[in-house]
Amino acid sequence: MSDNPKTIEDKLGLLAYRSDEKSHITVDQEKFKADPVKAILYACPAKVYVEDPQTGECIVNYENCVECGTCHVVAPDYVNWFYPEGGKGVHYKMG
Amino acid sequence: MDEQFEVLIIGAGPAGISAAIALAKAGVEVVVLERGEYPGAKNVYGGILFTHQLEKLVADQMEDAPFERAVTRRRFGALADDREVALDLKVGSWREKPYNHTVTALRGRFDRWFAEQAEAAGAQVFSGFMVSDLIVEDGRVVGVKVQPGDEEMRAQVVISAEGAQAFLARKVGLMQPQLPQRHMITNVKEVIGMPQEKIEDRFLCEPGEGVAMEYFGEPVKGYFGMGFVYTNKDSISIGLGLTVHDLIQSKQTLNDFLEHFKSLPTIRKLIEGGESMEYAAHMIPEYGYNHLPKMSMPGLMLVGDTAGLVNGSVYHEGTNLATGSGLLAAETILEAKEKGMDFGTGEALAPYRQKLEATFVLKDMKKFRRMPDFFNKYPHILRDYPTHVTKWIADYFTIDETPKEDVEKGILKSIKKDIGMWKFATEMLRIGRAVR
């Protein structure tokens with residue numbers, strides 16, 4: 001029996017990425033802080049968005065993005081998501 | 001860059017490549033821009049490819065296409081707690097060509113191959129280039145802006161096969177500026193490696209043949225969505241999706257849903273011992289016929305997911321609507337060109353919508369036009385019915401010394417208690433009307 005990945009973090013480890021130095025995502029921190037639900041924290045299937053327990057700000061781990069686009073449908077008011085530059089970002093082998 | 005191409009296509013998925021092949025074959029100069037490192041590197045779907053339009057485009061190459069398995073068995077199940085009630089279809093003729101026009105395929109392999117067919121037909125496919133914007137002059141799309149490099153490329157017609165996000169279509173006002181939470185479905189999928197023989201034993205199929213299984217209820221815990229299990233050659237695709245609206249309500253991650261689905265007694269044994277190979281996420285635009293974007297404007301046409309061309313209903317078709325719309329977009333351009341029209345004008349491109357309406361693409365979506373709104377309006381149907389109906393059926397087949405007559409009376413009593421006779425009858429009618 002193999003020990004298959006169960007957590008999002010472990011599953012992201014299965015993926016190949018072409019690294020991009022600059023983030024393709026920006027978050028309006030004030031609006032994020034003011035959002036009582038903060039659904040992007042769980043709606044993103046790659047856990048790109050993490051709340052900093054100290055500052056309450058949203059940390060954006062854009063390198064993990066699997067490019068589904070759910071975040072800006074969830075929070076169009078404060079998540080600005082666009083594709084990474086051509087050739088960069090997640091690199092699916094099967095899809 | 002002042003060069004002007006005849007047709008420029010954004011995105012090397014099935015919709016864009018279908019248009020590219022049809023145009024290139026007719027001698028039109030076509031350029032396809034793909035943001036992935038190769039066609040398919042960004043493309044994700046559940047796993048079923050419907051091939052009836054492909055056969056029109058690449059008839060001679062179908063034998064070489066990197067399909068995984070022909071789908072000779074389909075299963076539609078309702079899952080709840082510890083039980084499953086399913087409609088299981090095995091049809092002998094599906095085992096022969098054209099295999100009910102239903103195969104499994106992995107997009108990383110298929111899209112790459114399909115784009116090669118476009119190149120062989122004379123199209124130019126450039127990978128690693130992301131279109132960041134459309135260039136609009138006097139109300140007409142005349143080209144695109146490309147990253148990296150901030151280059152401009154001009155064309156007489158641009159076809160956007162950008163995909164579900166439809167950034168460019170939203171930007172030029174062909175659809176609402178924001179994607180609708182109740183109609184965008186986020187899916188996650190895992191591809192789990194497994195030896196071929198094991199798949200054939202487990203799923204009761206012959207070599208080269210496979211299964212498509214789709215489940216309502218428990219996989220998405222009663223929310224608006226479904227789970228699926230598809231067999232590839234030496235792997236299994238398992239996943240699920242639900243609307244963004246319901247995902248927000250659920251307060252859970254899609255991976256939580258997926259792990260729950262994988263752990264269900266009826267599903268666990270199917271994937272046991274397999275090795276996870278890839279995790280992926282993607283969105284499906286299930287606007288339905290009543291909420292479609294405008295299909296074209298001067299110089300621009302929308303195809304595939306960009307245009308919301310998905311027949312959710314019970315069929316879960318997407319790839320054939322994509323390929324079909326690509327073909328019809330190409331046909332529209334070719335007819336305008338033939339007539340000597342300036343084929344990037346509004347009049348030249350307007351027949352595209354009529355062509356979609358006249359074929360299965362919009363005929364089917366129109367038939368099921370009430371469904372997406374119906375399930376959003378009556379969320380309890382997907383939430384409660386799989387639980388109740390599977391319980392009634394399980395009770396009916398439960399063996400003990402209770403006389404069968406009493407069993408039946410008990411079930412009637414359950415229907416009254418769980419839903420109510422009158423409500424049950426009216427809701428059955430409503431469901432019937434929604435799919436009529």
Side-chain angles (χ1 to χ4, degrees), chain A residues 1-22 24 35-50 64-77 79-95, chain B residues 33-37 40-45 106-111 127-132 146-149 163-165 167 177-181 184 186-192 232 235 237 244 247-248 250-256 259 272-283:
Chain A
M1 288 294 286
S2 53
D3 41 347
N4 273 318
K6 286 204 160 33
T7 65
I8 291 175
E9 289 83 351
D10 289 345
K11 289 182 186 187
L12 294 179
L14 299 168
L15 288 170
Y17 290 92
R18 301 289 181 256
S19 64
D20 195 350
E21 319 72 58
K22 57 179 197 298
H24 59 289
D35 179 357
V37 184
K38 296 181 174 51
I40 54 166
L41 298 177
Y42 57 86
C44 168
K47 269 203 181 160
V48 165
Y49 305 93
V50 181
N64 291 346
C65 181
V66 293
E67 295 172 37
C68 64
T70 305
C71 53
H72 74 129
V73 182
V74 168
D77 296 342
V79 174
N80 189 348
W81 183 92
F82 194 58
Y83 308 122
E85 196 173 80
K88 305 278 174 67
V90 71
H91 185 78
Y92 288 116
K93 292 195 176 72
M94 315 228 173
Chain B
L33 297 176
E34 163 56 44
R35 70 185 183 92
E37 195 176 278
K42 301 290 185 185
N43 304 353
V44 176
Y45 76 150
L106 294 166
R107 298 287 296 278
R109 295 170 192 166
F110 175 78
D111 288 17
S127 295
F129 293 97
M130 187 264 286
V131 172
S132 59
V146 184
Q147 303 284 348
Q165 299 301 321
F167 278 109
Q178 282 177 9
L179 295 168
Q181 292 183 344
M184 293 300 289
T186 304
N187 284 260
V188 289
K189 174 172 96 162
E190 229 175 289
V191 179
I192 297 175
N232 305 312
S235 63
S237 293
V244 170
L247 177 61
I248 295 171
S250 78
K251 308 256 178 209
Q252 296 162 66
T253 72
L254 281 163
N255 189 53
D256 294 337
E259 286 302 311
E272 198 174 69
E275 191 190 345
S276 293
M277 297 165 76
E278 191 170 85
Y279 173 71
H282 195 74
M283 298 191 97

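Each chain gets a letter, A, B and so on, in the order its sequence line appears, and its residues count up from 1. What you see is a predicted model; the values in this text were computed from it and never measured.
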* To do: Walk me through it: do B:Glu278 and A:Tyr92 pass the test side chain to side chain contact (heavy atoms under 4.5 Å, CB included)?
  => CA-CA 8 Å; B:Glu278 191 170 85; A:Tyr92 288 116; 3.7 Å; yes

* Asked: What do the steps show when you test B:Gln178 against A:His72 for side-chain hydrogen bond (donor to acceptor under 3.5 Å, both in side chains), and what is the final call?
  -> CA-CA 9 Å; B:Gln178 282 177 9; A:His72 74 129; over 6 Å; no

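Each of B:Gly36, B:Ala41, B:Gly108 has some count of heavy-atom pairs under 4.5 Å with chain A, and the biggest count is that of B:Ala41. Ranked by heavy-atom pairs under 4.5 Å with chain A, the list B:Ala280, B:Ser127, B:Ala164, B:Pro177 is led by B:Ala280. In terms of non-hydrogen atom pairs under 4.5 Å with chain A, the most contact-rich of B:Glu259, B:Met184, B:Lys189 is B:Glu259. No other option in B:Gln147, B:Arg107, B:His282, B:Arg109 has as many heavy-atom pairs under 4.5 Å with chain A as B:Arg107. Chain A forms more heavy-atom pairs under 4.5 Å with one residue of B:Leu254, B:Leu179, B:Asp111 than with any other, namely B:Leu179.
Of the atoms belonging to B:Tyr45, heavy atoms from both backbone and side chain fall under 4.5 Å from chain A. Looking at B:Glu34, neither its backbone nor its side chain comes within 4.5 Å of chain A, counting heavy atoms on both sides. Contact of B:Val131 with chain A is made through the backbone alone, with heavy-atom distances under 4.5 Å. Both the backbone and the side chain of B:Ser132 have a heavy atom closer than 4.5 Å to some heavy atom of chain A. The part of B:Gln252 that comes within reach of chain A is its backbone (N, CA, C, O), which places non-hydrogen atoms under 4.5 angstrom from that chain.
Residues A:Glu67 and B:Lys42 are paired through a salt bridge, judged by an N-O separation under 4.0 Å between the basic side chain and the carboxylate. A salt bridge between A:Lys6 and B:Glu190 is absent, with no side-chain N of the basic residue lying under 4.0 Å from a carboxylate O of the acidic one.
At distances below 3.5 Å, not a single donor-acceptor pair connects side-chain atoms of B:Gln165 with backbone N or O atoms of A:Tyr83. Side-chain atoms of A:Asn4 come within 3.5 Å of backbone N or O of B:Gly274 as a donor-acceptor pair.
Residues B:Met130 and A:His24 form no side-chain contact, since every pair of their non-hydrogen atoms from C-beta on lies 4.5 Å or further apart. Side-chain contact between A:Val37 and B:Lys251 is present, with heavy atoms from C-beta onward closer than 4.5 Å. A:Leu14 places none of its side-chain heavy atoms less than 4.5 Å from the side chain of B:Met277. Counting only heavy atoms from C-beta outward, the side chains of B:Ile248 and A:Tyr42 approach each other to under 4.5 Å. The shortest side-chain heavy-atom distance between A:Met94 and B:Ser237 does not fall under the 4.5 Å cut-off.
B:Thr253 contributes atom OG1, which lies 4.0 Å from atom CD1 of A:Ile8 (distance to the nearest 0.5 angstrom). To the nearest 0.5 Å, atoms CE (B:Met283) and SG (A:Cys68) are separated by 6.5 Å. Rounding to the nearest 0.5 Å places CG of A:Leu12 at 6.5 Å from OH of B:Tyr279.
Remark: of the listed residues A:Lys93, A:Lys88, A:Arg18, A:Arg18 is the sole one forming a salt bridge (Lys or Arg N to Asp or Glu O under 4.0 Å) with B:Glu37.
Here the closest heavy-atom approach between residue A:Val74 and residue B:Val244 is recorded as CG2-CG1, 3.6 Å. Nearest approach of A:Pro84 to B:Arg35, heavy atoms of both residues: CD-NH1, 3.8 Å. Across every non-hydrogen atom of B:Ala281 and A:Val66, the tightest pair is CB-CG2, 3.7 Å.
Atom NZ of A:Lys38 sits in a crowded spot, with more than 12 heavy atoms from other residues, nucleotides or ligands closer than 6.0 Å.
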